[in-house]
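This report concerns only the one structure given below.
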Amino acid sequence: MANSPDSAAQNVIPMYELKWSHAEKTVARRAFDLALGKELEALLQEAKGRAARIEEPSELWDLESWLTERRREIDRRYDYRYSILPLVFAQLLRDGRLTEDDLHGLGQEKLDLIRRASAI
């Protein structure tokens, strides 16, 4: 059957084989930077609030630990390797850091992959 789920799965390009045009790379970089900027702005606001509430010297080290953990989380989440970028975008869509409009200009196969992965 030409339209069976198995034939559709056979037409899926493995993520690591996706080719990125120059225009898609520009769109991807813009979307990635937008999401990272939102994340860092939210972190900055939260860090300022936490710092303003510090009353004891020991709370400085709590703030430092919290910031270190947040940095590790951000470094893990924001990985700009093209081989995994669709999964990064899928997670950012789920988290509300990006919208599908932010990804306008990516090829249909990439958008389909991002949509499928964000639904999981």
Side-chain angles (χ1 to χ4, degrees):
M1 294 185 157
N3 292 329
S4 72
D6 290 334
S7 66
Q10 292 171 353
N11 293 330
V12 173
I13 299 171
M15 199 167 40
Y16 61 87
E17 290 183 10
L18 290 173
K19 302 295 183 216
W20 293 78
S21 70
H22 177 71
E24 287 179 314
K25 288 179 180 181
T26 301
V27 168
R29 176 48 75 179
R30 185 175 55 242
F32 184 89
D33 290 345
L34 175 68
L36 181 57
K38 289 178 184 178
E39 184 97 26
L40 293 175
E41 182 60 33
L43 176 62
L44 180 61
Q45 295 306 314
E46 188 171 350
K48 285 179 178 181
R50 286 175 177 249
R53 292 187 300 274
I54 291 175
E55 295 181 2
E56 300 292 325
S58 64
E59 293 173 310
L60 286 171
W61 312 130
D62 294 339
L63 178 61
E64 178 193 30
S65 294
W66 177 79
L67 283 169
T68 298
E69 183 55 35
R70 290 293 294 133
R71 181 178 184 155
R72 287 184 186 130
E73 290 171 8
I74 290 170
D75 286 346
R76 279 190 301 267
R77 184 177 304 124
Y78 289 87
D79 187 338
Y80 196 78
R81 290 177 291 163
Y82 291 110
S83 61
I84 64 166
L85 202 50
L87 295 180
V88 171
F89 286 154
Q91 181 67 45
L92 294 172
L93 277 175
R94 270 195 309 271
D95 293 347
R97 298 283 181 208
L98 285 178
T99 66
E100 286 197 32
D101 287 342
D102 297 325
L103 302 173
H104 179 74
L106 294 183
Q108 193 61 48
E109 73 281 356
K110 293 174 189 76
L111 291 172
D112 290 344
L113 177 60
I114 293 165
R115 284 185 192 112
R116 281 194 311 274
S118 70
I120 295 174

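Note that the structure is a prediction, hence the values are computed from the model and not measured. Throughout, residue positions are numbered sequentially from 1 according to the sequence presented. Atoms considered below: every heavy atom in the structure, side chains included; atoms not considered: hydrogens, waters and symmetry mates.
Heavy atoms only, all atoms of each residue included: Val27 and Gly105 are closest at CG2-CA, 4.1 Å. Leu63 approaches Ala51 most closely through the heavy-atom pair CD2-CB, 4.0 Å. Taking every heavy atom of both residues into account, Thr99 and Leu93 meet most closely at C-CD2, 3.4 Å. Taking both residues in full, the closest heavy atoms of Ala90 and Ala117 are given as CB-CB, 3.5 Å, listed atom of the first, atom of the second, then distance. Annotation for Leu106 and Ile114: closest pair CD1-CD1, 3.9 Å, computed over non-hydrogen atoms. Residues Glu59 and Glu55 come closest through the heavy atom pair OE1-N, 2.5 Å.
Of the possible polar contacts, none joining the Gln91 side chain to the Arg77 backbone as a donor-acceptor pair under 3.5 Å is found. Looking only at distances, a side-chain donor or acceptor of Arg53 sits under 3.5 Å from a matching main-chain atom of Gly49.
Within the 4.5 Å cutoff, no side-chain heavy atoms of Glu69 are placed close to those of Trp66. Side-chain contact between Tyr82 and Leu18 is absent, with no heavy atoms from C-beta onward closer than 4.5 Å.
For Asp62 and Ser65, the side-chain atoms include no donor-acceptor pair closer than 3.5 Å.
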Q: Please step through side chain to side chain contact (heavy atoms under 4.5 Å, CB included) for the pair Leu87 and Asp79, ending with a clear verdict.
A: CA-CA 10 Å; Leu87 295 180; Asp79 187 338; over 6 Å; no
(Q) Please evaluate residues Thr68 and Glu64 with respect to the criterion side chain to side chain contact (heavy atoms under 4.5 Å, CB included), reporting the C-alpha separation (whole Å), side-chain torsions for both, the decisive distance (0.1 Å), and the verdict. (A) CA-CA 6 Å; Thr68 298; Glu64 178 193 30; 4.2 Å; yes
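In summary, Arg97 and Asp95 do not engage in a salt bridge, as defined by a charged side-chain N under 4.0 Å from a carboxylate O. The residues Glu41 and Lys38 are annotated as not salt-bridged, no charged nitrogen and carboxylate oxygen being separated by less than 4.0 angstrom.
Between Arg50 atom CZ and Leu43 atom CG the span is 9.5 Å, to the nearest 0.5 Å. In this structure, the separation between CG on Leu103 and NZ on Lys110 is 12.0 Å, given to the nearest 0.5 Å. Atom CG of residue Leu92 and atom CG of residue Leu36 lie 9.0 Å apart, to the nearest 0.5 angstrom. The CG atom of Leu34 lies 6.0 Å from the CG atom of Leu98; values are rounded to the nearest 0.5 Å.
Partners of Phe32 under the ring-ring contact (aromatic ring centres under 6.0 Å, His included) rule, at least two apart in sequence or in another chain, are Tyr78, Tyr80. Remark: Arg115 pairs with Glu100, Asp112 by the salt bridge (Lys or Arg N to Asp or Glu O under 4.0 Å) rule, at least two apart or across chains.
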